[in-house]
Structure formats: structure tokens, C-alpha cells
Novice: 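Handing you a structure now.
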Amino acid sequence: MANLTFLNREVLHQRHRLSHQQIDALLNENRSKEYLQEKYHLLFQVGEFVKITDAFRKSTIPFIPLKGPMLSYRLHQDAGYRYSNDLDLLVSTKDIERCISILELHGYKTALFPWPDNSKKRKRLIKLSNQILLSNPENNINIEIHWKLFKSRVTDDRTLAEVIKSNTRNLIFQNRSFQIFDNELELLYLIIHGGKHAWFRLKWLVDVKYFLENITFDKHKFVELTTQLNATRMVALCNSTLEKYFPESSLVPCLPERDIAKLSDFAITQIEYEDYYSKSFLDRIKTYFFELKCFPGFRFKLSTIAIIFYGKYSKVFEFYRN
């Protein structure tokens, strides 16, 4: 039985961004019909996802959906079951500007920061970040265009590119073929994404739980991918967190990994933090130290430090200065 006694429906929905259908399943309740407006929005979001990806296809822009409706469809056979705050699409660096132009034609505008207006600034942004957010003020849909799978350097670029190239397949949805990660890479991506964020939203851990329950995958291949991406520590952290909150869940195949107790303790504090975005300065320092410990290797730490000291203040200092 899930160990979620410290949480109620409002916290699970607002703080951890689980849909009311997901919450019903976790709490063994039947109240999602009281929140039909959310379901209407999620179904509208699915329609918007199909419309935008159709536009990308028409312009011959290859893309891979990350999480979002495709993950919901894979896990629940319902693209509108899982809550998504935004739609994430992974594209090639050379196609970023075309993607932004297409989204602008559909009413989207860059949020947080604009796409830089000269090549020097663009190169700086591409190096120090991995995505740009666009929002549509008329329908309240957010879309993130990703040009890298991870912001920090978890492995060298060539290895990561080869892993992505060698571990995709096609999924038919709405009479359309979507390129997606195969099961092993999809699971590992979910674990790395959640782990790098210290699992501060339980929705990511719930995704892994449902994946283990409903999706068949090659365990040997998964461990090989984990090794290629230096992610054993992230998988071990995932298992520790699963054991804490979903003790009945299966665990993810993992090679032995020592000394994750402090990482696990930190993740628990983040999950149970009531107001995650109102952290003290000391809490933010602890978060930075956690980020540095997520992966081994000097290059990972160096790239993470660069992101912390430049990316966090990019709007003022880096991407926009002349």
C-alpha cells in the first residue's frame, strides 16, 4: 500500500501535479468525476499536441515527444489520464528556430526569456541550457522545445546521441506514427529526470511505478544503458525512494551503488517540502550540492557548476548581454 498518509488530494494535485484520476487510483477513491474541467483541459491539450506535431511533420521537422500525452497513452491507454503541465518535444539544434516560428504562427509566445537575436547569444544559450518555453495565452498551453535531453553533461555528446539514435521505435496514435524512446530508454529517462530533480514531484515516481507494473522491458539492456549514461546512482536513488513511498512496488534493475543514503534523505525532504518554491538560501545551496552528486565525473560537475553560476542568472548576465 502506498505510504502517502502525509498527503491529501489537494497537495497531490497542486503540489505534486497528479491528475484526479491518478489520485483516485493512489487513494482508492472515486472522485475524479467531480473535476471534469481538468479532464476537458487534458483532452484539449492532447488535441493541441496532435495539431502542433502535425505542423512539425508538414515542415519535415523530426521530433521525439518527451513524457506528456505519449507517456500517458503508453502507461494508461489514455493520453489524457496523466497530468502534464506542458508539452515537451525534443528536436535537433538546427530546427529550433523553425519550431519557434511554427509555434508563433499558432499563437505561442516565448516565456521566461526570448530566443536570442544574434548567433553569439544563441550559442551561449544552447550550450548552457537545453530548452525554451513557449506559452499560448489564449488556451493556456505551454510547450517546451528541447535540443538536449539533459541540461548537464551526464555523458559525452557522441555517446548520448548514439544512445538516442539506437533506442527509438514508432508508436501509432491517432492514426499517426510517433517516434518515441524504446521501453528501456524511456524508463531510464524518467528515472534520470526525476532523480536530477530529487523527485520533488511525486508524479515522476508514480510514472516509474506504473511503468514497472504495466510495461515489459529487457532488464539486461536497461542495465547496459544505465552504465552507458553513468546513471547507476540515479537508479539506486529511484529504488530507495520507491521503497519509501511505494513499498509494494517492484524495483528497477540496478548494479550495486554505495553511499546514496544522503541523496535519499535529501530527496525525501524535497518530496515532503510543502512549499517547494519558497526555499531559503541555505536550502538552495543544499540543492546545488545534491545536483553535483547526481552523476560521477569531473565533466558532469563542471557543466553543472557552469549552469548554476551562469544559467540561473542568464536573463541578467549571460544570454542577453551584448
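Along the sequence shown, the residues carry numbers beginning at 1.
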Novice: Can you tell me if S240 uses its side chain to pair, donor with acceptor, with the backbone of A236 under 3.5 Å?
Specialist: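 Absent.
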Novice: Determine yes or no for a side-chain-to-main-chain donor-acceptor pair under 3.5 angstrom, with R201 supplying the side chain and R15 the backbone.
Specialist: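 Indeed, once roles are kept as given, a pair shorter than 3.5 Å links the two residues.
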Novice: Give me the atom names and distance for the closest heavy-atom approach of L18 to H13.
Specialist: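 In this case the closest contact between L18 and H13 is O-CD2, 3.1 Å.
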Novice: Between the side chains of K39 and D78, is the shortest nitrogen-to-carboxylate-oxygen separation below 4.0 Å, so that they form an ion pair?
Specialist: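 Yes, this pair counts.
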Novice: If you count every heavy atom of other residues, nucleotides or ligands that lies below 6.0 Å from Y40 atom OH, does the total exceed 12?
Specialist: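 No, because the 6.0 Å sphere around OH of Y40 holds 12 heavy atoms or fewer from other groups.
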Novice: Can any side-chain N or O of D24 pair as donor or acceptor with the backbone N or O of R31 at less than 3.5 Å?
Specialist: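 Yes, D24 side chain to R31 backbone: donor-acceptor pair under 3.5 Å.
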Novice: Does R299 have more than 12 heavy atoms from other residues, nucleotides or ligands lying within 6.0 Å of its CZ?
Specialist: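 No, not enclosed.
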Novice: Distance check, rounded to the nearest 0.5 Å: L125 atom CG versus N130 atom CG?
Specialist: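 It is 9.5 Å, given to the nearest 0.5 Å.
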Novice: Looking at E162 and R158, is there a salt bridge between them, counting it only when a charged N and a carboxylate O are closer than 4.0 Å?
Specialist: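 Answer for the salt bridge query: no.
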Novice: Would you indicate whether the side-chain heavy atoms of V163 and L149 approach each other to under 4.5 Å?
Specialist: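 A side-chain contact is absent here, since even the closest heavy-atom pair is not under 4.5 Å.
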Novice: Backbone N or O of I126 within a donor-acceptor pair of the S129 side chain at under 3.5 Å?
Specialist: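 Pair absent, no side-chain N/O of S129 close to backbone of I126.
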Novice: Is there a side-chain contact between T287 and E291 (heavy atoms, below 4.5 Å)?
Specialist: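 Result yes, sub-4.5 Å side-chain heavy-atom pair found.
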Novice: Closest approach of S152 and I307, non-hydrogen atoms and distance?
Specialist: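 So the two residues come closest at OG-CD1, 3.6 Å.
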Novice: Is it the case that one hydrophobic cluster holds both Y35 and L7, taking links as side-chain heavy atoms less than 4.5 Å apart, direct or via other members?
Specialist: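 No, Y35 does not connect to L7 through the hydrophobic network.
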Novice: Taking N239 for its side chain and V252 for its backbone only, find out whether a donor-acceptor pair lies under 3.5 Å.
Specialist: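 Yes, N239 side chain to V252 backbone: donor-acceptor pair under 3.5 Å.
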Novice: Using a distance-only test with no angle check, is there a side-chain donor-acceptor pair under 3.5 angstrom linking E257 and T232?
Specialist: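 Short answer, no.
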Novice: Using the rule that Ile, Leu, Val, Met, Phe, Trp and Tyr join whenever any side-chain heavy atoms are under 4.5 Å apart, tell me whether L66 and Y83 fall into a single cluster.
Specialist: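 They do not share one cluster, since no chain of ILVMFWY contacts under 4.5 Å joins L66 to Y83.
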Novice: So does K221 pair up with D182, basic N to acidic O under 4.0 Å?
Specialist: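 Counted as a salt bridge, because a side-chain N and a carboxylate O are separated by less than 4.0 Å.
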Novice: Anything under 30° is parallel, anything over 60° is perpendicular, the rest tilted; go ahead and classify F200 against W204.
Specialist: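 It falls in the perpendicular class, over 60°.
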Novice: Check the side chains of Q21 and H76 for a donor-acceptor pair under 3.5 angstrom, ignoring hydrogens and angles.
Specialist: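 Not at all, the side chains of H76 and Q21 share no donor-acceptor pair under 3.5 Å.
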Novice: Check this for me, if you would: do E48 and K51 make a salt bridge, where the nitrogen-to-carboxylate-oxygen distance has to be below 4.0 angstrom?
Specialist: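 K51 and E48: salt-bridged.
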Novice: Closer than 3.5 angstrom, by distance alone: can the side chain of S72 be matched with the main-chain N or O of G68 as a donor-acceptor pair?
Specialist: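 It does not hold such a pair.
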Novice: Could you check whether E272 and Y245, counting side-chain N and O atoms only, form a donor-acceptor pair closer than 3.5 Å?
Specialist: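 There is such a pair between these side chains.
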Novice: Which distance, rounded to the nearest 0.5 Å, do you find between the NZ of K151 and the OG of S303?
Specialist: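 The OG atom of S303 is 11.0 Å from NZ of K151, to the nearest 0.5 Å.
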Novice: What is the distance from atom CG of L133 to atom CG of D86, rounded to the nearest 0.5 Å?
Specialist: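 It is 6.5 Å, given to the nearest 0.5 Å.
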Novice: CG of L212 to CZ of F246: how many Å apart, nearest 0.5 Å?
Specialist: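 The CG atom of L212 sits 11.5 Å away from the CZ atom of F246.
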Novice: For residues 184-193, dump all side-chain donor-acceptor pairs below 3.5 Å to protein atoms at least two apart in sequence or in another chain.
Specialist:
residue	atom	partner	partner atom	Å
E184	OE2	D218	N	2.7
E186	OE1	R74	NH1	3.3

Novice: Once you round to the nearest 0.5 Å, how far does CD of Q37 lie from CG of L42?
Specialist: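 Separation between the atoms: 10.5 Å.
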Novice: Under 4.5 Å between side-chain heavy atoms, hopping through other hydrophobics if needed: is there a path connecting L105 to V50?
Specialist: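 No, no single cluster joins them.
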Novice: Check the angle between the aromatic planes of W147 and W115 and answer parallel, tilted or perpendicular using the 30° and 60° thresholds.
Specialist: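 Geometry flag for W115 against W147: perpendicular rings.
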Novice: Indicate whether the side chain of D95 and that of S92 have a donor and an acceptor atom separated by less than 3.5 Å.
Specialist: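 Result is no, nothing qualifies.
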Novice: Work out which heavy atom in G195 is nearest to a heavy atom in C294; give both atom names and the distance.
Specialist: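 So the minimum-distance heavy-atom pair works out to O-SG, 4.2 Å.
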Novice: Using every non-hydrogen atom in the two residues, find where A55 and I102 come nearest and quote the distance to one decimal.
Specialist: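 Closest pair (atom of A55, atom of I102, distance): CB-CG2, 3.7 Å.
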Novice: Rounded to the nearest 0.5 Å, how far apart are NE2 of H106 and CD of E138?
Specialist: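 Rounded to the nearest 0.5 Å, the NE2-CD separation comes to 12.5 Å.
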Novice: Go through the side-chain N and O atoms of Q45 and H41 and say whether any donor and acceptor fall under 3.5 Å apart.
Specialist: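 Their side chains do not contain a donor-acceptor pair, so the 3.5 Å distance test is not met.
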Novice: Transitively linked via ILVMFWY side-chain contacts under 4.5 Å: L103 with I132?
Specialist: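 Yes, L103 connects to I132 through the hydrophobic network.
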Novice: Okay, side chain of S264, backbone of I260: is any donor-acceptor separation there less than 3.5 Å?
Specialist: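 No, S264 side chain to I260 backbone: no donor-acceptor pair under 3.5 Å.
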Novice: Please tell me whether F178 and F49 form a close aromatic pair, meaning their ring centres lie under 6.0 Å apart.
Specialist: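 Aromatic pair counts; centres sit under 6.0 Å.
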Novice: With sequence neighbours excluded, tell me which residues meet side chain to side chain donor-acceptor pair (under 3.5 Å) with K148.
Specialist: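 So K148 forms no side chain to side chain donor-acceptor pair (under 3.5 Å) with any residue.
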Novice: Considering all heavy atoms of both residues, which atom of Y108 and which atom of L134 are nearest to each other, and what is their separation?
Specialist: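 What the structure gives for the nearest pair is CD2-O, 3.9 Å.
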Novice: Can you name the closest pair of heavy atoms from C99 and V91 and give their distance?
Specialist: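 Shortest heavy-atom contact: SG-CG1, 3.8 Å.
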Novice: Any carboxylate oxygen within less than 4.0 angstrom of a Lys/Arg side-chain nitrogen, looking at R57 and D54?
Specialist: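 Between D54 and R57 there is a salt bridge, with a charged N closer than 4.0 Å to a carboxylate O.
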